[in-house]
Amino acid sequence: MEKILVTSALPYANGPLHLGHIAGCYLPSDIYVRYLRIKGKKVIHICGTDEHGVPITISAEKENKTPQELVDYYYEIIKNSFEKLGISFEYFGRTSTERHKKLSQEFFLKIYEKGYIEKREEKNYYCENCKRFLPDRYIEGTCPHCGAEGARGDQCESCGRWLEAFELLNPKCKICGNTPVLKDTFNYYFLLPKLKDDLKKWLEEKENWKDFVRNFALSWTTEGLRARSITRDLSWGVPVPLEEAEGKVLYVWFDAPIGYISITQEWANKNNENWEDWWKNKEVKLIHFLGKDNIVFHAVIWPAMLIAHGEYILPDEIPANQYLVMKGGKMSTSRGMALWLDDFLDRYPADYVRFGVARVLPETKDSEFSLEDFERECDTYLANDIGNLVSRVFRLFEKYFNNRVPEGETSGEYENRMWEIINSKIVKIEKNFESFKFRQTLQDIIEIAQEVNRYIDFTKPWDVLKKDKEEGGKIIYNSLSAIRLLSVLLYPYLPFTMKTLRDSLNLGEPSWDEVKNPFLNEGEVLKSPPILFPRIRGKVKEEVTEEKEEEPKEEYITYEEFRKVKLVVGKVLNVYDIEGADKLYKLEVDTGDRVRTIVAGIREHYKKEELEGKNIIIVANLKPRKIRGILSEGMLLAAEDKDGRVIILTTEKETEPGLGVL
Ligand SMILES: [Zn+2]
Ligand SMILES: [Zn+2]
């Protein structure tokens, strides 16, 4: 059986994840491995935190922690976020393990002994104020290629080029801002030019790669290939395994990709598998998922390391993504501007986040994320097209068949049309899954759901069932079978909800056989699923008026229940912006008893001065909750009109703060 080894770029353990990380790498890889598992392939998905390097020591200094404390802290945070988002790794390891250190040192020694590494005397930047050498990111300056400010001593984030610190114009010490001086030292260089021909030949064969990945790598191989320093004067990292090199560690970009192997060893060790069956087996297909800023390392440096070493397989595919952009800038942890994944997971179900990001995956060019589009698309596609399809079919199924699958012909005028369209889509979907086009695939799956909705609109089972139960049963049978098909196709994108849906269909792990034959067993009794996708925004108008009678009844609460809600009048004292949250204000509100802080999403609708001094109505006994790191102690009441404009509720006459509302 074909074996596929999938890796996702190792996230740096120096900060939490943001949506840019997810879109660049982890969601596409997870969609892909889930698809492969449905296909019955033997696949392992390997990832872990990258715990060495200057970004770690800089963050540790900033947070007043030791590097080890910092990476321990972020390892847990990152691992936890991935779990909540449903990213399914076979193993999520880390690079600060003994195993990793040992393997990295062996790797270094092997290519050193083969003559691909050379010791070179050189001058490096040294800060006389901080009394230390300043490796890569401890220096910032102007990029000599694109002129961007704030380029780091190892790479320019703006144009993606790999730099050496001495190339930077106007270099400054990152710690104290002083201009550093050059001082004698030595480092070890990886002799890339020796591998140029092998690399070029290997890259030229990769004709099926995304153009921007292959072109970038090829042009780098032609123009940018020179010996690169792979050691640093630093105490945190994998020590260079040579006596003469005391006080030096491997450059993090040398040891990090070796992490793919050491983490696989870790996985194998815990699961009674043989790691060499993966890394030393030519039959295995190796696929690296990563973001644009990692292309150089994975498509040039790492393959060169592997060629130099000689015992391991080389990557077959590098389906890198471009950047997810918000409001004109890249999301980046190092620049402190980001949509944090954990904030999203606090506010929305994980599948909504997966869906919203999958809709805008930057597969061929940068793409933009907007919160408004995100919420609207979740409502339109998840709640209406998919969720409503399931509930409208199950409502009739329960009412007329008591959830027992009826007999059903699968041919007929409308049925033939629907299945033909679905089957032609499946051919396309399969092809696009294989070629990493997950955005288009999702679109095609949504269109299948829309086609099933159309089938129901045309055939009007709610009318047919009143007159002809057999004919109506046929529509229900075909619709339910199409829903089953959707539960397989959507599984890579929406694993949590599709599991719920499949539980109600009495189905376990999905398999591609179901796509080929989605028809349910007649006579089987299914369970009605809960509402799969509650709407985020206000109610959307019911599109099928004939179904009105099926609408669930309004739910009432008792007066006693309502009495529990404590509403009071509050006077707005001050209004503040919240950095990075362009829809939110932080309000300071006098509610009689004290001044409360309330976070409210009304920034797009009110100027600060329109709010200050105003009497508003507050739910005073709502459990306080942290929003963007601010404890919000209540909720203000507002109305929303049909254009989505928000109008806050206020008192008709001037009143004292703290007045109870009847
Ligand atoms: Zn640049
Ligand atoms: Zn300094």
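Start at 1 and go down the list; that is how both ligands and their atoms are numbered. Start at 1 with the first residue, then count along the sequence. What you see is a predicted model, and the numbers here were worked out from it, not measured in a lab.
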* **Lys/Arg-Asp/Glu bridge criterion (N-O < 4.0 Å) met for Arg34, Asp30** =>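 Asp30 and Arg34: salt-bridged.
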
* Charged N-O contact under 4.0 Å between Lys428 and Asp444 ->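 Salt bridge: yes.
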
* So does Glu311 have more than 12 non-hydrogen atoms from other groups sitting under 6.0 Å from CD? ->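 Atom CD in Glu311 is packed in, count exceeds 12.
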
* Asked: So which of Phe433, Tyr493, Phe438 actually passes ring pair (Phe, Tyr, Trp, His ring centres under 6.0 Å) with Tyr35?
  -> Phe433

* Only one of Phe89, Phe289, Phe82 forms a ring pair (Phe, Tyr, Trp, His ring centres under 6.0 Å) with His45, so which one is it? ->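 Going through the options one by one, the only one that passes is Phe89.
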
* Have a look around the Zn ion (ligand 1) and list protein N/O/S atoms under 2.8 Å, or say none. => Cys143 SG, Cys146 SG, Cys156 SG, Cys159 SG

* Looking at residues at least two apart in the chain, or sitting in another chain, which of them share a ring-ring contact (aromatic ring centres under 6.0 Å, His included) with Phe344? -> Tyr348, Phe369, Phe374

* For Tyr260, check ring-ring contact (aromatic ring centres under 6.0 Å, His included) against everything at least two apart and list the hits. => His288, His298

* To do: For the Zn ion (ligand 2), state how many protein N, O or S atoms fall inside a distance shorter than 2.8 Å.
  =>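 Total protein N/O/S atoms under 2.8 Å from the Zn ion (ligand 2): 4.
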
* Asked: Does the Arg132 side chain pair with the main chain of Tyr126, one donor and one acceptor, at a distance under 3.5 Å?
  -> no

* With a 3.5 Å cut-off and no angle check, do the side chains of Lys365 and Gln322 form a donor-acceptor pair? ->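 Gln322 and Lys365 do not have a side-chain donor-acceptor pair below 3.5 Å.
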
